[in-house]
Engineer: 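For reference, the structure I am asking about is given below.
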Number of protein chains: 2
Amino acid sequence: MPLHYVVKTRLIELVEELGEGAGLPPERVLAKDFGVSRWTMRQAIRELIADGRLRARQGQGTFVATPKIVQPLALVSYTEALRAQGHTPAREVVKFDEIAADDVLAGQLGIAPGDPVFELERVLFADEQPIGLETTYLSVKRFPTLREVLDPTVSLYRCLTDQLGVVFGEGEELLETVIASPREAELLKATQQLPMLLLHRQTRDADGRPIEVVRSLYRGDRVGFRATLRP
Amino acid sequence: MPLHYVVKTRLIELVEELGEGAGLPPERVLAKDFGVSRWTMRQAIRELIADGRLRARQGQGTFVATPKIVQPLALVSYTEALRAQGHTPAREVVKFDEIAADDVLAGQLGIAPGDPVFELERVLFADEQPIGLETTYLSVKRFPTLREVLDPTVSLYRCLTDQLGVVFGEGEELLETVIASPREAELLKATQQLPMLLLHRQTRDADGRPIEVVRSLYRGDRVGFRATLRP
DNA sequence: AAGTGGTCTAGACCACTCC
DNA sequence: GAGTGGTCTAGACCACTTG
């Protein structure tokens with residue numbers, strides 16, 4: 001039985017004694033109290049952070065985390081899904097560029113390689129904390145007025161359906177765990193080495209024409225997903 | 001930019017040069033070649049393992065991994081889903097006990113606390129490699145003949161539908177990332193600290209009566225999920 | 001300026017696999 | 001026995017936050 005796991009088990013007891021949001025003693029103190037090296041203590045803390053039970057902030061300390069947010073794995077707007085659970089959604093546009101589609105993206109969007117594509121990158125917030133980074137690709141030729149029509153504070157989903165008359169059909173989602181790049185980790189205010197949930201979505205309209213390709217990176221320590229199964 | 005990320009980036013180039021399944025030089029040699037400490041090299045390797053690009057085996061070495069297996073996030077049998085993608089499924093029963101339901105489990109299964117429950121724990125294999133650990137809970141009173149009827153080499157799903165006449169209705173799945181316990185990691189032949197995908201499933205029959213509660217732990221480095229979205 | 005978490009080094013020992 | 005990855009130590013320095 002690895003030492004850091006013994007430490008983790010004892011830390012969990014401590015976490016449960018302290019309340020939600022409570023601060024833990026500094027790593028160096030904890031390590032001394034438990035009679036282990038700081039590295040071993042950090043292993044244990046890192047696991048608890050990945051499990052969503054602790055939250056560390058540089059320069060401040062380590063705190064008992066709040067429960068994960070559960071999002072529906074369905075074709076609904078981020079805003080509405082979060083509101084339905086009593087959280088406050090927000091988003092911040094990081095990038096809104098036009099790029100040339102490479103072969104893969106062109107195939108996914110049903111356009112020619114080199115055609116212009118909107119690349120919209122937004123950080124998703126819940127209760128003022130960053131929980132996801134969403135990059136959306138849409139054909140410029142298909143949605144030429146998007147830049148004027150899109151209100152960054154409003155759902156893209158709502159904008160497409162209400163203002164541009166898009167009717168969503170079937171979509172496909174791929175879900176896996178990854179480790180974020182430093183840039184992604186920074187945008188999500190997460191530490192390195194934190195497991196993330198990567199969600200790759202392709203949606204089509206009722207006629208089967210591609211609408212968007214979305215790459216969503218969610219903090220694995222803050223978010224979970226719910227899916228409803230049909231027989 | 002953290003040093004281990006620079007190392008990771010350069011390692012990716014090396015991984016792509018070498019073929020799938022190829023062996024890497026030992027950590028100590030790589031560290032020396034890259035001019036970093038072994039710890040920093042291990043950080044980089046650990047990230048690539050979590051991303052599913054490398055695979056490490058104690059006493060043997062580190063190798064370039066094969067692509068992840070993608071499973072449907074739907075109410076179909078594990079066996080059939082894997083076969084459909086050209087993989088060879090297998091399973092191994094680790095535990096088949098009768099336990100007394102605690103309050104939570106009783107509520108989920110629609111029985112009284114203390115009622116007997118089958119606890120069936122199986123390791124799932126794909127192409128002879130362990131990729132998941134599935135723990136299923138079923139009411140003993142509802143399926144009294146399960147022990148005699150269940151063939152461990154055959155799908156539980158198939159056994160329930162074909163031999164016990166169960167008709168599956170709607171189900172609900174929760175999905176999140178966790179870090180495996182040492183016992184779970186050992187059963188999955190995975191190293192510590194590896195991000196896992198935890199899938200918690202509750203299924204009901206056509207009349208809405210609970211059938212089973214399942215806790216599936218999949219290796220995040222080996223498995224991804226696919227979901228089909230309906231408007 | 002002091003204290004916090006984040007990164008990194010050098011080195012040790014252990015557990016496992018293969019010869 | 002030799003070589004591999006896995007765990008752990010002690011200590012250093014950096015980046016960030018707060019007073």
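Letters go in sequence order (proteins before strands), and every chain restarts at 1.
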Engineer: Donor-acceptor check, side chain of B:Glu47 to backbone of B:Gln43, threshold 3.5 angstrom: yes or no?
Structural biologist: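 Judged by distance alone, no pair lies under 3.5 Å.
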Engineer: Would you please test A:Arg10 and A:Asp33 for salt bridge (Lys or Arg N to Asp or Glu O under 4.0 Å) and show each step?
Structural biologist: CA-CA 12 Å; A:Arg10 288 177 56 192; A:Asp33 287 354; over 6 Å; no
Engineer: If I take atom NE2 in residue A:His4 and atom C1' in nucleotide C:dC14, what distance separates them, rounded to the nearest angstrom?
Structural biologist: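 In whole Å, C:dC14 C1' lies 13 Å from A:His4 NE2.
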Engineer: Rounding to an integer number of Å, can you tell me how far B:Gln43 CD sits from C:dT9 P?
Structural biologist: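 My rounded result for the distance is 10 Å.
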Engineer: How many Å lie between CD1 on B:Ile45 and P on C:dC8, as a whole number?
Structural biologist: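 Distance, rounded to whole Å: 15 Å.
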Engineer: Can you tell me the distance, in whole Å, between the CD atom of A:Glu186 and the P atom of D:dA15?
Structural biologist: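 Checked: the CD to P distance equals 13 Å.
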Engineer: OP1 or OP2 of D:dG5 less than 4.0 angstrom from a side-chain nitrogen or oxygen of B:Thr62, does that happen here?
Structural biologist: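 For D:dG5, OP1 or OP2 has a side-chain N or O of B:Thr62 closer than 4.0 Å.
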Engineer: Just grab all the side chain to side chain donor-acceptor pair (under 3.5 Å) pairs involving residues 54-66 of chain B, residues at least two apart or on different chains.
Structural biologist: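 As it turns out, the side chain to side chain donor-acceptor pair (under 3.5 Å) pairs with a partner in residues 54-66 of chain B, which skip direct neighbours, are B:Arg57-B:Gln60, B:Thr66-B:Arg222.
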Engineer: Ignoring backbone atoms, test whether A:Arg38 places a side-chain nitrogen or oxygen under 4.0 Å from the OP1 or OP2 oxygen of D:dG11.
Structural biologist: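 Indeed not, no polar side-chain atom of A:Arg38 lies that close.
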Engineer: List the atom pairs, with distances to 0.1 Å, where a side-chain N or O of residues 11-22 of chain A and a protein N or O form a donor-acceptor pair under 3.5 Å, not counting sequence neighbours.
Structural biologist:
unit_1  : atom_1 : unit_2  : atom_2 : d
A:Glu16 : OE2    : A:Arg53 : NH2    : 3.1

Engineer: What integer distance in Å separates A:Arg46:CZ from D:dT7:P?
Structural biologist: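 Value for this atom pair: 12 Å.
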Engineer: Any N/O pairs under 3.5 Å between the protein and nucleotides 16-19 of chain C? List them or say none.
Structural biologist:
unit_1 : atom_1 : unit_2  : atom_2 : d
C:dC16 : O4'    : B:Gln58 : OE1    : 3.4
C:dT17 : O3'    : B:Gln60 : NE2    : 3.4
C:dC18 : OP1    : B:Gln60 : NE2    : 2.6

Engineer: Output the rounded distance in Å from CH2 (A:Trp39) to C1' (D:dC8).
Structural biologist: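 The answer, rounded to whole Å, is 6 Å.
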Engineer: Whole angstrom is fine here: how far is it from CZ in B:Arg42 over to P in C:dC14?
Structural biologist: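 Computing the B:Arg42:CZ to C:dC14:P distance gives 17 Å.
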Engineer: Need to verify one output field. Residue with the more 5' nearest nucleotide on DNA chain D, B:Ile49 or A:Gly35?
Structural biologist: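 Of the two residues, B:Ile49 wins.
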Engineer: Check the distance between C:dA10's C1' and B:Met41's CE and give it to me in whole angstrom.
Structural biologist: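 Going from CE in B:Met41 over to C1' in C:dA10 covers 15 Å.
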Engineer: Whether the B:Ser216 and B:Glu134 side chains hold a donor-acceptor pair (N or O, under 3.5 Å, no angle test) is what I'd like checked.
Structural biologist: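 Result is yes, a qualifying pair exists.
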Engineer: Give the residues of residues 25-34 of chain B touching DNA chain D, defined as any heavy atom closer than 4.0 Å, sorted by residue number.
Structural biologist: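 Heavy-atom cutoff 4.0 Å gives B:Pro26, B:Glu27, B:Arg28.
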Engineer: Side chains of residues 92-104 of chain A: which donor-acceptor partners sit under 3.5 Å, not counting sequence neighbours?
Structural biologist:
unit_1   : atom_1 : unit_2   : atom_2 : d
A:Asp102 : OD1    : A:Val104 : N      : 3.2
A:Asp102 : OD1    : A:Leu105 : N      : 2.8

Engineer: Need one value for B:Arg57: base, sugar-phosphate or nothing, where a base atom within 4.0 Å counts as base even if backbone is also close, heavy atoms only.
Structural biologist: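 Sugar-phosphate, backbone atoms only, no base.
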Engineer: Tell me whether the side-chain N/O atoms of A:Ser37 come closer than 4.0 Å to OP1 or OP2 in D:dG11.
Structural biologist: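 No.
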Engineer: Between the side chains of A:Thr79 and A:Arg91, does any donor sit under 3.5 Å from an acceptor?
Structural biologist: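 The answer is yes; a qualifying pair exists.
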Engineer: Nearest heavy-atom pair of B:Tyr218 and B:Leu199: which atoms, and what distance?
Structural biologist: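 Of all heavy-atom pairs spanning B:Tyr218 and B:Leu199, the closest is CE1-CD1, 4.3 Å.
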Engineer: Can you name the salt bridge (Lys or Arg N to Asp or Glu O under 4.0 Å) partners of A:Arg83, sequence neighbours left out?
Structural biologist: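 Per chain and number, A:Arg83 pairs via salt bridge (Lys or Arg N to Asp or Glu O under 4.0 Å) with no residue.
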